[in-house]
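Every number for a ligand or one of its atoms is a count from 1 in the order of the listing. Residues: numbered from 1 along the sequence shown. These figures come from a predicted structure and were not determined experimentally.
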Amino acid sequence: MTTGLFITFEGIDGAGKSTQLDYAVNYLRSKEKKVIQTREPGGTPISEKVRNMILETNSPLDSETEVLLMFAARKEHIARVIRPALDSGSIVVCDRFTDATFAYQGGGSGVSSSRIETVEAWVQGDFQPDLTLFFDLPIKIAQRRMGQRKKDRFESEALDFHERVRHAYLERAKKSPERIKVIDSSQTKGQIRELVQAELDRVCT
Ligand SMILES: Nc1ncnc2c1ncn2[C@@H]1O[C@H](COP(=O)(O)OP(=O)(O)OP(=O)(O)O)[C@@H](O)[C@H]1O
Ligand SMILES: [Mg+2]
C-alpha cells in the first residue's frame, strides 16, 4: 500500500521549478518529513543515461522514439526509486514527470495525446502524482531569466515550440484542477515560495 506522497514540479524551461523545488525540500525537511528529491528524465543511473541521450544529442530524434525513451526511463525510475520511497512513507518530490511528456513531446512536437496515454497506461497503470505544481510564466520572461546558460535540446527550440508546450500544460491543468495547481511564476521567488508552502501544508497533514 502506498503511504507516502508524490509531488511533481512542472513548467517550461526557466520557469523556476528547480529554485522552488530546493525551497520545498528544505521546508519539508524542516518539518521533519522524510523527503526524496529526484528528477525526470533521470533519477536512476540508467535513467540518467537516457536523459543524456535525449537532451544532449545533436542528432535528429524521432518524436515518438523520444516518448518511448522517456517512458522507459520513467518505468525504471518508478520501479527503483519512486515506488519504494512511497511505500516506505517518504514524500517524493520530482522535477518534471509525465505532464512534461504530454507538454513537450505532445504539445511541442505534435505526438498525439492518445499515443502518449497508451504508453502512460502501460507504464503507470493508474499511478499519478498526488500533487503537481505547474509554474506558469510567459516564454520571453523565462528565457530572459535563463540568460546565456548553455541550452539543451529542448531549450534550443524556437519560441513557438515553447508556446505550444506552455499551452499544453495549461490545458492539462484545466482538465485536472484537483491535482495540478497553476502558480503564477512571474512573482518574486519569495512570493512563490509562500504559495508553494501553502500547497505543501495542504497535502502534508
Ligand atoms: N521568481 C523568480 N524571479 C526571478 N528570477 C527567478 C525566479 N525564480 C527563479 N529565477 C531565476 O531564473 C533562473 C531559472 O530558474 P530555475 O533554474 O529554477 O528554473 P527551472 O524551471 O528549473 O529551469 P529548467 O527547466 O531549465 O531546469 C535562475 O537563474 C533562477 O535564479
Ligand atoms: Mg531546473
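Closest protein heavy atom to atom 29 (O) of ligand 1: Arg145 O, 3.9 Å. Closest protein heavy atom to atom 17 (O) of ligand 1: Arg149 NH1, 3.9 Å. Ranking the protein heavy atoms by distance from atom 21 (O) of ligand 1 puts Lys17 NZ, 2.7 Å first. In terms of protein heavy-atom proximity, atom 19 (O) of ligand 1 is closest to Gly16 N, 3.0 Å.
Residue Thr19 has at least one heavy-atom neighbour below 4.0 Å for each of these atoms of ligand 1: 9 (C), 15 (O), 16 (P), 18 (O), 30 (C). Those atoms of ligand 1 with a heavy atom of Ser18 less than 4.0 angstrom away are 18 (O), 20 (P), 22 (O), 27 (O). Taking a cut-off of under 4.0 Å to the non-hydrogen atoms of Arg96, the atoms of ligand 1 that pass are 25 (O).
Around the CD atom of Glu194, the shell of radius 6.0 Å holds no more than 12 heavy atoms that belong to other residues, nucleotides or ligands.
The distance criterion of under 3.5 Å between nitrogen or oxygen atoms is met by Ala15 with respect to ligand 1. Among the atoms of Asp95, none of the N or O lies under 3.5 angstrom from an N or O of ligand 1. Geometrically, ligand 1 and Ile192 share no nitrogen or oxygen pair separated by less than 3.5 Å.
Side-chain contact check for Glu199 versus Leu131: some heavy-atom pair is nearer than 4.5 Å. Residues Phe97 and Ile82 form a side-chain contact, since some pair of their non-hydrogen atoms from C-beta on lies under 4.5 Å apart.
Checked against salt bridge (charged side-chain N to carboxylate O under 4.0 Å, His left out), Asp126 has no partners two or more places apart in sequence or in another chain. Annotation: salt bridge (charged side-chain N to carboxylate O under 4.0 Å, His left out) contacts of Asp95 (sequence neighbours excluded): none.
The option from Gly11, Gly147, Gly14, Ala100 that lies nearest to atom 24 (P) of ligand 1, judged by heavy atoms, is Gly14. The heavy atom nearest to atom 11 (C) of ligand 1, out of those in Met146, Arg39, Lys189, is found in Lys189. Of the candidates Arg193, Glu10, Gln187, the one placing a heavy atom closest to atom 1 (N) of ligand 1 is Gln187.
Figure legend: cation-pi geometry between Arg74 and Phe71, with NZ or CZ positioned under 6.0 Å from the six-membered ring centre and within 45° of its axis.
Not one N/O/S atom of Thr19, from backbone or side chain, sits under 2.8 Å from the Mg ion (ligand 2).
At a 4.0 Å heavy-atom cut-off, ligand 1 does not touch Gln20 at all. Neither the backbone nor the side chain of Arg144 comes within contact range of ligand 1; no heavy atom lies under 4.0 Å.
In this structure, Phe127 and Phe6 have parallel ring planes: the angle between them is below the 30° cut-off, well short of the 60° mark.
Remark: the Thr132 side chain and the Arg172 side chain contain no N/O donor-acceptor pair separated by less than 3.5 Å.
Here Arg193 does not pair with Asp22 in a salt bridge; the nearest charged N to carboxylate O distance is not below 4.0 Å.
Paired with Thr98 under the rule side chain to side chain donor-acceptor pair (under 3.5 Å), one option of Glu40, Glu120, Gln124, Gln128 passes, and it is Gln124.
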